[in-house]
Amino acid sequence: MSKTMQAPKLILSGQGESFPMLGLTFTAKITADDTNNGWVMHEITGTEGHGAPLHTHPWEETFYVLEGEMEVHIGRRQSFVTAGTLMHLPANVAHDFRVCSPTIRLLEMIPAFARSFYQEVGEKITSMPPDLELFETICRKHGVRLL
C-alpha cells in the first residue's frame with residue numbers, strides 16, 4: 001500500500017500579526033496553523049530598558065538574538081548576550097531579561113498553547129508600568145509565576 005506524500009508547505013513570512021507586551025512588540029512569524037498547532041515563532045523588538053521580570057512558566061522557550069544586546073538571568077546564571085546567541089530555556093526555569101542596547105530584535109519559539117498568555121497580557125496591560133494586580137492575575141491563570 002503506498003501513501004501519497006503531501007507536498008511541504010512553503011511559508012513565506014513577511015509581517016504577521018503584531019501585538020505589544022510590556023514595552024516590546026511581538027510579531028508572528030510562524031503560527032499554530034503553520035505547525036499543526038505545535039509551536040509558534042515571534043520576532044520580538046524593543047528598546048533599551050524593556051524586558052521581562054524574573055518569572056517561571058510551565059513551557060519551554062527558545063530565543064535567538066538577531067540584533068542588539070541584553071542582560072539575562074537563567075536560573076542562577078547571569079549573562080550579557082549579543083547577536084548570534086541562542087538560549088533554550090526548559091520549563092519552570094527562572095529567567096528574566098533586559099534590553100541593554102538602543103534596540104533589540106530576536107526570535108522566540110514557544111509551544112502554540114502558550115501564545116494565549118502573551119496575547120492576553122498584550123491586550124489587557126496597555127500602559128507601563130503595568131497594573132501589577134491585573135498582571136499577576138493573568139500570570140496565575142496561565143501558570144506563570146512572578147519571582
Side-chain angles (χ1 to χ4, degrees), residues 3-75 79 81-132 134-147:
K3 290 186 175 183
T4 303
M5 290 192 64
Q6 188 175 30
K9 181 176 181 181
L10 178 61
I11 302 170
L12 298 174
S13 182
Q15 288 293 86
E17 172 193 357
S18 293
F19 59 91
M21 182 180 171
L22 303 178
L24 303 168
T25 299
F26 285 64
T27 302
K29 293 298 180 183
I30 296 177
T31 68
D33 290 339
D34 298 325
T35 65
N36 199 27
N37 210 32
W39 55 279
V40 299
M41 179 187 289
H42 296 115
E43 179 181 74
I44 302 172
T45 56
T47 55
E48 190 169 5
H50 289 100
L54 188 62
H55 65 284
T56 64
H57 44 66
W59 57 83
E60 294 183 10
E61 186 172 34
T62 300
F63 293 102
Y64 183 77
V65 181
L66 298 168
E67 297 172 4
E69 302 168 342
M70 61 185 191
E71 179 182 19
V72 298
H73 294 91
I74 302 171
S79 297
V81 300
T82 59
T85 302
L86 176 76
M87 297 166 283
H88 177 75
L89 309 173
N92 299 309
V93 169
H95 61 284
D96 70 2
F97 70 89
R98 183 180 59 81
V99 178
C100 299
S101 54
T103 61
I104 193 133
R105 192 167 69 95
L106 58 143
L107 296 175
E108 174 212 43
M109 291 185 297
I110 55 173
F113 72 85
R115 189 166 196 263
S116 60
F117 166 71
Y118 298 81
Q119 286 182 295
E120 186 170 355
V121 171
E123 289 169 6
K124 294 182 178 175
I125 305 292
T126 57
S127 63
M128 294 298 288
D131 174 329
L132 195 52
L134 176 59
F135 186 44
E136 288 175 340
T137 299
I138 297 167
C139 288
R140 276 192 304 276
K141 174 180 171 183
H142 294 274
V144 175
R145 238 181 69 210
L146 297 174
L147 305 173

Open item on the list: Please give me the minimum heavy-atom distance between Met70 and Leu106, naming the atom from each residue.
Closed with: CE-CD1, 4.2 Å
Task: Spatial distance of atom NE2 (His142) from atom CZ (Phe113) [nearest 0.5 Å] - done: 11.0 Å
Open item on the list: I'd like to check Val65 versus Thr82 (side-chain heavy atoms, cut-off strictly below 4.5 Å). Are they in contact?
Closed with: no
- [ ] Return the minimal non-hydrogen interatomic distance between Glu71 and Cys100, and the atom names on each side.
- [x] N-SG, 3.5 Å
Task: Nearest non-hydrogen partners of Thr56 and Leu147, listed with the distance - done: CG2-CD1, 3.9 Å
- [ ] For Lys124 and Leu134, work out which heavy atoms get closest and say how close.
- [x] O-CD2, 3.4 Å
Open item on the list: So Phe117 and Met21, do their side chains get closer than 4.5 Å, heavy atoms only?
Closed with: yes
TODO: Would you check if Leu24 and Phe97 make a side-chain contact, meaning some heavy-atom pair closer than 4.5 Å?
DONE: yes
Open item on the list: Any non-hydrogen side-chain atom of Pro58 less than 4.5 Å from a side-chain atom of Asn92?
Closed with: yes
- [ ] Drop me the distance from Glu120's CD to Thr137's OG1, to the nearest 0.5 angstrom.
- [x] 9.5 Å
Task: Closest heavy-atom pair and its distance - Glu48, Ser101 - done: CB-O, 3.2 Å
- [ ] Examine the side chains of His55 and His95 and answer whether a donor and an acceptor come within less than 3.5 Å of each other.
- [x] yes
Open item on the list: With heavy-atom distances below 4.5 Å as the criterion, would you say the side chains of Val144 and Phe135 are in contact?
Closed with: no
Task: Gap separating the CE atom of Met109 from the OH atom of Tyr64, nearest 0.5 angstrom - done: 11.0 Å
Open item on the list: By the definition side-chain contact (heavy atoms from CB on, under 4.5 Å), identify the one residue from Glu43, Glu61, Met41, Lys29 that meets it with Glu108.
Closed with: Glu61
Task: Shortest non-hydrogen contact from Val99 toward Thr47 - done: CB-O, 3.5 Å
- [ ] Please report the C-alpha distance between His42 and Phe19 in whole Å, then the side-chain angles of each, then the deciding distance to 0.1 Å, and finally whether the ring-ring contact (aromatic ring centres under 6.0 Å, His included) criterion is met.
- [x] CA-CA 10 Å; His42 296 115; Phe19 59 91; 5.7 Å; yes
Open item on the list: Within this structure, what is the CZ-CD1 distance for the pair Phe63 and Ile44, rounded to the nearest 0.5 Å?
Closed with: 5.0 Å
Task: Heavy-atom side-chain contact between Leu22 and Pro130 under 4.5 Å - done: yes
Open item on the list: I need the Ile30 CD1 to Thr35 OG1 distance, nearest 0.5 Å.
Closed with: 8.0 Å
- [ ] Kindly compute the distance separating CD1 (Ile125) from CD1 (Ile138), expressed to the nearest 0.5 Å.
- [x] 4.5 Å
Open item on the list: Measuring only between side-chain heavy atoms, which start at C-beta, is Thr45 closer than 4.5 Å to Thr103?
Closed with: no
Task: Leu107 side chain near Leu66 side chain, heavy-atom distance below 4.5 Å - done: yes
